[in-house]
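Just so we're on the same page: letters track the sequence lines, and every chain starts at 1.
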Amino acid sequence: MAKDTEYRPAQFERYWQQQWKERGSYRVVPDRSKPKYYALDMFPYPSGAGLHVGHPLGYIASDIVARYKRHCGYCVLHPMGYDSFGLPAEQYAIQTGRHPAETTAENIARYRAQLEALGFCYDWDREIRTSDPAYYRWTQWIFLQLFDSWYDLEQDRARPISELETLLSKGGSAAVRASGKALPNLTAKEWQELDSRAKEEILLGLRLAYRSESFVNWCPALGTVLANDEVKDGYSERGGYPVERRKMLQWNLRITAYAERLLNDLDGLDWTEALKETQRNWIGRSTGASLRFKIEQSESEIEVFTTRPDTLFGVSFLVLAPENELVAELTPPEFKTEVEAYVLASARKSERDRMADVRQVSGVFTGAYALHPFTGEKLPIWLADYVLAGYGTGAIMAVPAHDSRDWSFARRFDLPIRPVTEGAQVEDSAFESKEGILTQSDFLNGLSVSAAIEHMSRELEARGLGRRIVQYKLRDAVFGRQRYWGEPIPVYYDADGIPRPVREGHLPLQLPEIDLYQPTEQGDPPLARAQVWRYDPEQGLVGGDLGFPLETTTMPGWAGSSWYWLRYMDPASNDRFASREAEEYWGEVDLYIGGAEHATGHLLYSRVWPKFCFDRGWVGRSEPFKKLVNQGMIAGVSALIHRLESAAGEPVRYVSAGLINGRKTQPIHIDIGLVQQGKVDLEALHSWRSEFERAEFEAEEHGFFASEEVEKMSKRWHNVVNPDDVIETYGADVLRLFEMFLGPIEQHKPWNTQGLSGVQGFLKKLWRLATRPDLPDTSSEEALRSIHRCIKKVTDDIESLSFNTSVSAFMICVNELQETGGSGRDAFEILAVLLSPFAPHAAEELWSSILGCEASVLDGEWPVANPLYLQKSEVVYPVSFNGKTRFQLVLKPGMKPAEVQEIALTDERSARYLEGKTPKKVIVVPDKIVNIVF
RNA sequence: GUCCGAGUGGUGAAAUAGGUAGACACGAGGGACUUAAAAUCCCUUGACCCGAAAGGGUCGUGCGGGUUCGAUUCCCGCCUCGGGCACCA
């Protein structure tokens, strides 16, 4: 193919891409004689815009690791697929009437072509799409298993519902400790005598997939509910529309049952501390006590959660969330009007308003009093929206002296503030420190805060007033979406309106065809429009009025991505989401690369599903991703030209960036492609947008300049760089090397088109070196030294995922080889495959034809650096002394310990310090460190 | 507010069991080849100072201290930036 001594990637990249495809070069078959390695990328949502240069960053890194591991003798699973259900395709369908399946297929074709052009070693036979019925059959299947399970707190694992029923009929509610809605007190006999509907309702409160009426994040603009991680600062993450809180009947997943395990298992994962911390924050574990307050003239009690039971003697009032169910009951008639007005007002507030009002203190007195459990003191009960209904019990004991929110509230409404630690100053703010000695606190006096917490907790338990508990911020995940383009939830409603599972044999429950993708006029989800959307347990899907109604909401976007790595292991399996055999071989994902934006969404849900599958015995491990790396974003560089402010009628005038001189201008984004090193190609600008043809341009001596700004790559800012264009002008190898060279993989960095030339120059040089007709048959000593140093460095760097420095090492090596006249072909073959796959294949073919030898770039063994070549002739070594102190010595190779006293010390003061001392032992690590023991 | 992470040339960045700070590359400047351009190659490029030059010196890894013969690296206290969580009791 390539016979040129000029580097012309266009001549061979396409050819090799085709060859790999035809030969199935990257097909993977499990080989039990080899160790396995699983390198996974977060699969993309195939958007209409295609890939931009930021997307492949992580893919390139995982591709390098996959190739490296293959050369090291591993059987490597490196798959790719598409997270192809989602909102944008549906929004597009609503606007245009085109079926999301159709546009999704087109987008996928485009993604596939772009990915292939980049030369990735994916096994395309294993490609999956979450919107494919053959795939979502298993998403639905797992959902049904969740529906068929409950969480046993005794054994700390999920179990089948049938086992719960057995427990209940044998021992009644006393035999069961389950996560979920509290069971009513029932004896075994009482349970047995319940009718099936009543039983079903109780079970429904304990299933891991359950329906409940609760406050949800409702997004009117999108017409659907959203999970907590899909809401950012009161706006929807996708689209940025306002979100309200609304009480709705919804499908949920009981992920809170797994909170403790999600938290504990983080410790064993090789993830960044930042990401683990994000998940810990999201799970939000806090330990404390729950205790009950009696209400004056009422049978009811108020249960509160506190992390500071030690401050119980500092309580001066109680506060309930406006949504608290006790409000109506305990409010005396004369306070009703005011209380109801407050409840209504806070119900009307959107999530956003509530957040905006954080500093505003509001509340209302209910007129009722609670009694202090130890002193019997009357404590007024207030209502305030700073207490959240969804956390703890929706009620708190207020200790204004030691909690800043309670303090502000007490100040605002003139309630008593009682410090209970010695010397606490509470005039200007609450004393929140946990250092201190208790005072004014009866039996706690004289104890430290931590001892007092312990003492009080024990006391509460002994007196039966409360107990130690653990609270989490994590909420159950809302699972239903009022949308069309998602997996249908495989549930129907029987004559009693009880949700029942669709039979396994009827899966996949396929998305029906509908005429419009909008909600119905009654506000039902789009699926309610389907002609055929009822279910008969015998016949399956039926039309008209036959059978029972099917659920009309669909699963959220993260459903399909919560288990997809398992499907790659065995993508064609028909009797299980993946055969046990395949799952056992491939095990966990060894390296997972993707964006940090999924920290509390995908990366949390996809830790829950395997835990559940583990509990039920379908997989052998409960954590899916051993090592996880978040690649940084590549930001775009936007070009801005400056329009002078002008009156109506005046011609529009633009001014070069250097000539603004304080004049008032308005920056306008123009396509970054029209700018070269800050200079705007005015002719191209004219043809880009006709409005510029008539405008006037005030240029500088050397042209008209734009200013630049680093922003997120987006169509809107006209700063998107398309990998297709880069590949066309530079080649895929240059793009790959450059993205790795740009900086550490986890770092955010701006795209810099100019930098491409450096990597291109390097590849040209390498090509010339490799295709030189006068190749020497043996490499010189010096050349071998360069190569082996390079092998060592690149090996270490890839192991530690430091790709930028491995590219640098490679460049240095090539520079050295050029100087020393070496060829180093053998090492190059393999080194080059890693970092850039196309050129070495092309070069290999060329070598074969010149030398008549055979070499296989694809299956070659990873070279091991020979220590012989790592020695330098004279080295400056860092040295340790007495295991602690270090200084600098110059050593010659082959030197014996006794000779070391002759060494030259580079630093005068260090030399004086060492004078007259003779070393006992010298330890030399190739090219690195010498330890000298005296 | 709180918890993580990070601060090194004009730019992206190297170098941490403490040991020549700035590798590699971009950009900039100068030069060679060329009618010219492209391509390629060579030199200079942290700051300041001394010197005609060769060369030499001082300072320098956010700031201030500390440990050490020696600190970008370790310890203490700040400052700034980025990120997570946030009326979570």
Give none if G9(B) has no partner; otherwise give the nucleotide forming a Watson-Crick or G-U wobble pair with it, both distances under 3.5 Å.
-> none

Counterpart base for A54(B), defined by Watson-Crick or G-U wobble contacts under 3.5 Å = none

Given C26(B), G84(B), G12(B), the nucleotide with the shortest approach to the side chain of Phe741(A) = G12(B)

Distance in angstrom units between His748(A) NE2 and G82(B) P, rounded | 12 Å

Paired nucleotide for C41(B) [Watson-Crick or G-U wobble; both distances under 3.5 Å] = G31(B)

If each of Glu273(A) and Gln471(A) is mapped to the nucleotide of RNA chain B with the nearest heavy atom, which maps nearer the 5' terminus, i.e. the 5' end?
-> Glu273(A)

Using whole Å, report how far CZ of Arg475(A) lies from P of A86(B).
-> 9 Å

Who does G1(B) pair with, Watson-Crick or G-U, both distances under 3.5 Å?
-> C85(B)

Within this structure, what is the CG-to-P distance between Asn815(A) and A14(B), rounded to whole angstrom?
-> 19 Å

Closest to the Met811(A) side chain, choosing from C26(B), A25(B), A89(B) | A25(B)

Roughly how far apart, to the nearest Å, are G10(B) and U68(B) at atom P?
-> 34 Å

What's the NZ-P distance between Lys473(A) and A89(B), to the nearest Å?
-> 7 Å

Given atom CD1 of Ile453(A) and atom C1' of A89(B), what is their separation to the nearest angstrom?
-> 13 Å

Side chain of Phe305(A) - closest among A89(B), U40(B), G27(B) | A89(B)

Give a yes/no answer on whether the side chain of Lys764(A) brings an N or O atom under 4.0 Å of OP1 or OP2 in A39(B).
-> no

Could you work out the separation of U8(B) and A15(B) based on their C1' atoms and round it to a whole Å?
-> 11 Å

If you measure from the C1' atom in C49(B) to the same atom in A23(B), how many Å do you get, rounded?
-> 27 Å

Check: Ser638(A)/Glu711(A) side-chain N/O donor and acceptor closer than 3.5 Å | yes

Tell me which nucleotide among C85(B), G27(B), A89(B) gets nearest to the side chain of Val387(A).
-> A89(B)

Assert: residue with more 5' nearest nucleotide on RNA chain B, out of Gln279(A) and Ala274(A), is Ala274(A)

Ignoring backbone atoms, test whether Tyr386(A) places a side-chain nitrogen or oxygen under 4.0 Å from the OP1 or OP2 oxygen of A89(B).
-> no

Whole-angstrom distance between G7(B) and G62(B), as gauged at atom C1' = 6 Å

Same-atom distance (C1') from U20(B) to A25(B), integer angstrom | 22 Å

Torsion-based syn/anti label for G9(B), 90° from 0 as limit | syn

For atom CG of Leu756(A) and atom P of U11(B), their distance in whole Å | 21 Å

More than 12 heavy atoms of other groups within 6.0 Å of Glu325(A) CD | no

Select base, sugar-phosphate, or nothing to describe what Ser286(A) touches, counting heavy atoms under 4.0 Å on all strands.
-> sugar-phosphate

Which one, A89(B), C3(B), C41(B), comes nearest to the side chain of Arg768(A)?
-> C41(B)

So, are Asp428(A) and Arg411(A) salt-bridged, with charged N and O less than 4.0 Å apart?
-> no

Go through the steps to decide whether Val343(A) and Glu323(A) satisfy the test side chain to side chain contact (heavy atoms under 4.5 Å, CB included), and finish with yes or no.
-> CA-CA 7 Å; Val343(A) 170; Glu323(A) 297 91 346; over 6 Å; no

Cation-aromatic face contact Arg607(A)/Trp271(A), 6.0 Å, 45 degrees = yes

Taking only N and O in the side chain of Asn804(A), is any of them less than 4.0 Å away from OP1 or OP2 of A14(B)?
-> yes

Decide if the gap between the ring center of Phe762(A) and the ring center of Phe741(A) is smaller than 6.0 angstrom.
-> no

Considering only G84(B), A89(B), G27(B), which nucleotide approaches the side chain of Ser757(A) most closely?
-> G27(B)

Mind checking the C1' distance from U45(B) to A52(B)? Whole angstroms is fine.
-> 23 Å

Residues, nucleotides or ligands: over 12 heavy atoms within 6.0 Å of Glu728(A) CD = no

Among C26(B), C41(B), C87(B), the nucleotide that comes nearest once only the side chain of Leu388(A) is considered = C87(B)

Here the distance between atom C1' of A13(B) and atom CD of Glu739(A), to the nearest Å, is 17 Å

In the strands shown, is U73(B) matched to any nucleotide by a Watson-Crick or G-U wobble pair with both distances under 3.5 Å, and which?
-> none

What nucleic acid atoms does Ile396(A) come within less than 4.0 Å of, heavy atoms only: base, sugar-phosphate, or nothing?
-> base

Can Lys473(A) and Asn281(A) be counted as having a side-chain donor-acceptor contact under 3.5 angstrom?
-> no

What is the base-pairing partner of G46(B), counting Watson-Crick and G-U wobble geometry with both distances under 3.5 Å?
-> C59(B)

What nucleic acid atoms does Ser808(A) come within less than 4.0 Å of, heavy atoms only: base, sugar-phosphate, or nothing?
-> base

Ranking C26(B), C87(B), C24(B) by distance to the side chain of Asp385(A), first place goes to C87(B)

Salt-bridged, Glu739(A) to Lys749(A), with N to O below 4.0 Å?
-> no

Within the structure shown, what part of the strands sits under 4.0 Å from Pro744(A) by heavy-atom distance: base, sugar-phosphate, or nothing?
-> sugar-phosphate

Interatomic distance where CD belongs to Gln747(A) and C1' belongs to A13(B) [whole Å] | 9 Å

P atoms of G83(B) and A28(B), separation to the nearest Å | 31 Å

Closest nucleotide among A15(B), G27(B), A89(B) to the Thr306(A) side chain = A89(B)

What is the base-pairing partner of U68(B), counting Watson-Crick and G-U wobble geometry with both distances under 3.5 Å?
-> none

Rounded P spacing from G66(B) to A71(B) in Å = 12 Å

